[in-house]
Trainee: 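Quick one: the structure is below, questions incoming.
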Amino acid sequence: MAATVLDGIIAYPVTPFSRTDGSPDLTRLAELIERLVASGCHAIAPLGSTGESAYLDDREWFDVTEASVAAVAGRVPTVVGIADLTTRSAVRRARYAEQVGADVVMVLPLSYWRLDEREVTRHYEEIAGAIGIPLMVYNNPATAGVDLPPELLHRLVDRVENITMVKESSGDIQRMHRLAQLSDGALPFYNGSNPLALEAFAAGAAGWCTAAPCLIPELTLALYRAVRAGALDTARQVFYRQLPVLQFLTGGGLPTTVKAGLALRGLDVGEPRRPLLPLAGERAERLAALLAEAGAGAPA
């Protein structure tokens with residue numbers, strides 16, 4: 001298996017929907033991905049929670065996967081999000097992502113029934129065994145209903161050859177410290193909690209998985225550059241300049257807030273899919289003000 005190195009800002013595009021019939025707007029998706037690649041993002045990660053993956057049917061999911069990989073066109077790695085209640089369906093999607101050219105799959109375990117460690121391990125082993133590309137284990141207990149402690153994450157990476165990375169989105173910085181401790185700093189882990197971006201890089205995160213570059217790419221990339229240059233004062237300044245936007249996006253629901261922000265920045269990507277509703281009223285005005293204060297209010 002060829003190694004895929006992920007480092008830096010891993011950007012999450014939303015899935016645009018047509019205002020005519022509500023179907024995925026693949027033309028607008030390609031336009032958004034072009035913006036993200038052109039801005040300097042280091043990887044593109046479609047079909048996470050920001051991409052409303054849970055609200056797509058199978059055909060739509062396959063279409064968005066293929067269109068995303070085609071739009072990235074190999075210029076940076078493509079990391080396709082996989083989340084399904086059954087192992088069988090997750091395997092099917094992972095295989096499709098590999099078939100159309102994805103470089104990595106990022107797998108979030110979903111569960112109606114509470115899963116024990118044995119079940120989680122088998123789930124990941126079967127998905128990883130069905131593909132030949134790297135797998136990133138994604139821990140986000142708030143959305144998945146499954147919590148993967150650092151010790152289990154480390155065991156999965158240690159036990160399965162092509163499980164090579166971890167995305168940690170619990171919001172607990174101590175878990176990132178523990179991942180570094182367990183692996184003696186050898187395990188690449190990625191921050192998925194926007195307000196922890198500065199702390200996560202300080203803890204040794206290899207990258208930041210975030211939808212923020214859809215709206216403020218210059219700030220997310222400036223933070224990464226400052227951290228890598230060891231310019232801590234600059235990193236703090238850049239982080240606190242964008243923190244109000246990051247907090248708003250996280251607190252307001254990523255598909256809803258990012259789509260509203262993209263419209264403010266000159267790209268209409270339609271509305272989120274029901275039951276999500278568009279940002280409106282005072283909240284929309286607040287987002288516009290925050291983007292302006294961060295220096296990102298004008299159309300891109």
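Scope of the values below: all heavy atoms of this structure, side chains included, with no hydrogens, waters or symmetry mates.
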Trainee: With a 4.0 Å cut-off, would you call E218 and R241 a salt bridge?
Mentor: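 Not counted as a salt bridge, because no side-chain N and carboxylate O are separated by less than 4.0 Å.
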
Trainee: Among V79, L108, L153, whose side-chain contact (heavy atoms from CB on, under 4.5 Å) with Y138 holds?
Mentor: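 Going through the options one by one, the only one that passes is L108.
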
Trainee: Can you name the nearest heavy-atom pair linking M176 to A200, along with the distance?
Mentor: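 M176 and A200 have their closest heavy atoms at SD-CB, 3.5 Å.
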
Trainee: Any non-hydrogen side-chain atom of V105 less than 4.5 Å from a side-chain atom of E98?
Mentor: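 No; the side chains remain at least 4.5 Å from each other.
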
Trainee: Compare every heavy atom of T256 with every heavy atom of P278, then report the nearest pair and how far apart it is.
Mentor: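 Looking at all heavy atoms of both residues, the closest pair is C-CG2, 4.0 Å.
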
Trainee: Do the side chains of R88 and E126 get close enough for a salt bridge, i.e. N-O under 4.0 angstrom?
Mentor: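 The answer is no: the pair does not qualify as a salt bridge.
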
Trainee: Is there a side-chain contact (heavy atoms from CB on, under 4.5 Å) between L32 and C214 once you walk through the steps?
Mentor: CA-CA 8 Å; L32 174 57; C214 291; 4.2 Å; yes

Trainee: Working to the nearest 0.5 angstrom, can you tell me the gap between H177 NE2 and I173 CD1?
Mentor: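 Atom-to-atom, H177:NE2 and I173:CD1 are 5.0 Å apart.
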
Trainee: Does Q242 reach the main-chain N or O of L219 with its side chain, forming a donor-acceptor pair under 3.5 Å?
Mentor: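 Yes: the side chain of Q242 pairs with the backbone of L219.
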
Trainee: Under 3.5 Å, is there a donor on one side chain and an acceptor on the other for D172 and S170?
Mentor: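 D172 vs S170: no donor-acceptor pair found between side chains.
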
Trainee: For residues V157 and M165: do they belong to one hydrophobic cluster (side chain heavy atoms under 4.5 Å, members Ile, Leu, Val, Met, Phe, Trp, Tyr)?
Mentor: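 Result: no, two separate clusters.
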
Trainee: For the side chain of R265 and the backbone of L215, is there at least one donor-acceptor N/O pair under 3.5 Å apart?
Mentor: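 Judged by distance alone, yes, a pair lies under 3.5 Å.
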
Trainee: Are T27 and E31 close enough that some pair of their side-chain heavy atoms sits under 4.5 Å apart?
Mentor: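 The answer is no, as the side chains (C-beta and beyond) never meet within the 4.5 Å cut-off.
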
Trainee: If two hydrophobic side chains count as joined below 4.5 Å and joins carry through other members, does Y12 share a cluster with V37?
Mentor: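 Each belongs to a different hydrophobic cluster.
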
Trainee: Backbone N or O of D268 within a donor-acceptor pair of the R28 side chain at under 3.5 Å?
Mentor: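 At least one qualifying donor-acceptor pair exists.
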
Trainee: Please give me the minimum heavy-atom distance between P188 and A186, naming the atom from each residue.
Mentor: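 That closest heavy-atom pairing would be CD-O, 3.3 Å.
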
Trainee: Quick check: closest heavy atoms across G204 and F189, and the distance to 0.1 Å?
Mentor: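 Result for this residue pair: C-CZ, 3.6 Å.
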
Trainee: Go through it in stages, so that I can follow the logic: the residues are M136 and T164, the test is side-chain contact (heavy atoms from CB on, under 4.5 Å), and I'd like the CA-CA distance, side-chain angles, deciding distance and then a yes or no.
Mentor: CA-CA 6 Å; M136 178 190 290; T164 60; over 6 Å; no

Trainee: Not counting sequence neighbours, which residues clear side chain to side chain donor-acceptor pair (under 3.5 Å) with T210? List them please.
Mentor: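 Per chain and number, T210 pairs via side chain to side chain donor-acceptor pair (under 3.5 Å) with N194.
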
Trainee: How many angstroms lie between atom OG1 of T15 and atom CD of E60, to the nearest 0.5 angstrom?
Mentor: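 With rounding to 0.5 Å, OG1 (T15) is 9.0 Å from CD (E60).
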
Trainee: Got more than 12 heavy atoms from elsewhere within 6.0 Å of CZ, R118?
Mentor: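 No, not enclosed.
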
Trainee: How far does CD of E199 sit from CD of Q174, to the nearest 0.5 angstrom?
Mentor: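 If I round to the nearest 0.5 Å, the distance is 9.5 Å.
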
Trainee: As an exercise, state the distance from CG of D84 to CD1 of I127, rounded to the nearest 0.5 Å.
Mentor: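 Separation between the atoms: 9.0 Å.
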
Trainee: Calculate, to the nearest 0.5 Å, the distance between atoms CZ and CD1 belonging to R95 and I82 respectively.
Mentor: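 Interatomic distance, R95 CZ to I82 CD1, rounded to 0.5 Å: 12.0 Å.
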
Trainee: When you compare the side chain of K259 with that of F17, does any pair of heavy atoms fall below 4.5 Å?
Mentor: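 A side-chain contact under 4.5 Å exists here.
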
Trainee: Do W61 and S53 have side-chain atoms, one donor and one acceptor, less than 3.5 Å apart?
Mentor: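 Note: W61 and S53 side chains meet the donor-acceptor criterion.
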
Trainee: Just checking, K167 and Y190: is the charged tip under 6.0 Å from the six-membered ring centre and within 45° of the axis?
Mentor: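 Verdict for Y190: no cation-pi partner in K167.
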
Trainee: Just by distance, no angles: are the side chains of S89 and T86 close enough, under 3.5 Å, to form a donor-acceptor pair?
Mentor: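 Yes, side-chain donor-acceptor contact under 3.5 Å.
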
Trainee: Is there a donor-acceptor pair closer than 3.5 Å between any side-chain N or O of R75 and the backbone N or O of A71?
Mentor: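 Pair found, side chain donor or acceptor close to backbone of A71.
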
Trainee: If you define the side chain from C-beta out and look only at heavy atoms, does anything of T65 sit under 4.5 Å from Y96?
Mentor: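 Yes. Closest side-chain heavy atoms under 4.5 Å.
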
Trainee: Any Lys/Arg nitrogen of R92 or D58 sitting under 4.0 Å from an Asp/Glu carboxylate oxygen of the other?
Mentor: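 Between D58 and R92 there is a salt bridge, with a charged N closer than 4.0 Å to a carboxylate O.
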
Trainee: Does a salt bridge link R122 with D116, judged by any charged N lying under 4.0 Å from a carboxylate O?
Mentor: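 Result for this pair is no, no salt bridge flagged.
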
Trainee: Going by an N to O cut-off under 4.0 Å, is there a salt bridge joining R159 and E125?
Mentor: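 Result for this pair is yes, salt bridge flagged.
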
Trainee: Going by the rule side chain to side chain donor-acceptor pair (under 3.5 Å), which residues pair with R114 if we only count those two or more places apart in sequence or in a different chain?
Mentor: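 Partners of R114 under the side chain to side chain donor-acceptor pair (under 3.5 Å) test: none.
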
Trainee: Below 4.0 angstrom, N of the basic side chain to O of the carboxylate: do D158 and R155 qualify?
Mentor: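 Salt bridge flag = no for R155 with D158.
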
Trainee: Are any of the side-chain heavy atoms of T234 and L223 separated by less than 4.5 Å?
Mentor: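 Of all side-chain heavy-atom pairs linking L223 with T234, none is under 4.5 Å.
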
Trainee: Is there a path of hydrophobic side-chain contacts, each under 4.5 Å between heavy atoms of I/L/V/M/F/W/Y residues, joining V120 to V107?
Mentor: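 Same cluster: V107 reaches V120 through Ile, Leu, Val, Met, Phe, Trp or Tyr contacts under 4.5 Å.
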
Trainee: With sequence neighbours excluded, give me every ring-ring contact (aromatic ring centres under 6.0 Å, His included) pair touching residues 223-268.
Mentor: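 Counting only pairs at least two positions apart or across chains, the ring-ring contact (aromatic ring centres under 6.0 Å, His included) contacts touching residues 223-268 are H42-Y224, F201-Y224.
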
Trainee: Do N139 side-chain atoms and L148 backbone N/O form a donor-acceptor pair below 3.5 Å?
Mentor: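 Answer holds: yes.
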
Trainee: Check whether T220 reaches the backbone of P217 with its side chain - one donor and one acceptor, N or O, closer than 3.5 Å.
Mentor: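 Yes.
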
Trainee: So L249 and V258, side-chain contact (heavy atoms from CB on, under 4.5 Å) or not? Walk me through it.
Mentor: CA-CA 7 Å; L249 296 181; V258 174; 4.3 Å; yes

Trainee: State the CG-CD distance between L179 and E151, to the nearest 0.5 angstrom.
Mentor: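 Going from CG on L179 over to CD on E151, the span is 8.5 Å.
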
Trainee: In the structure I gave you, are the side-chain heavy atoms of L182 and L187 within less than 4.5 Å of one another anywhere?
Mentor: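 Not in contact.
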
Trainee: Please answer: with hydrophobic residues joined when any side-chain heavy atoms are less than 4.5 Å apart, are L56 and L254 in the same cluster?
Mentor: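 Cluster IDs for L56 and L254 match.
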
Trainee: Under the criterion side-chain contact (heavy atoms from CB on, under 4.5 Å), which of I10, L6, I133, T78 is the partner of V104?
Mentor: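 Only match with V104 under side-chain contact (heavy atoms from CB on, under 4.5 Å): L6.
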
Trainee: May I have the step-by-step check of side-chain contact (heavy atoms from CB on, under 4.5 Å) for L135 and Y124, ending in yes or no?
Mentor: CA-CA 9 Å; L135 186 155; Y124 277 103; 3.8 Å; yes

Trainee: Are P13 and L36 side-chain neighbours, meaning at least one heavy-atom pair lies under 4.5 Å?
Mentor: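 Yes, their side chains come closer than 4.5 Å.
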
Trainee: Determine whether a donor-acceptor pair (N or O, by modelled atom type, separation under 3.5 Å) exists between the side chain of E52 and the backbone of R273.
Mentor: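 Yes; at least one donor-acceptor contact below 3.5 Å.
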
Trainee: Minimum heavy-atom separation for A235 to V227, with atom names?
Mentor: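 So the two residues come closest at CB-CG2, 4.0 Å.
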
Trainee: Taking side chain as C-beta onward, heavy atoms only, is S183 less than 4.5 Å from H154?
Mentor: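 Of all side-chain heavy-atom pairs linking H154 with S183, at least one is under 4.5 Å.
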
Trainee: Please determine whether residues M106 and V100 belong to a single hydrophobic cluster, defined as Ile, Leu, Val, Met, Phe, Trp and Tyr linked transitively by side-chain heavy-atom distances below 4.5 Å.
Mentor: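 Shared cluster, no.
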
Trainee: If every non-hydrogen atom of P213 is compared with every non-hydrogen atom of C41, which pair is closest and at what distance?
Mentor: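 Heavy atoms only, the tightest pair is CB-SG, 3.6 Å.
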
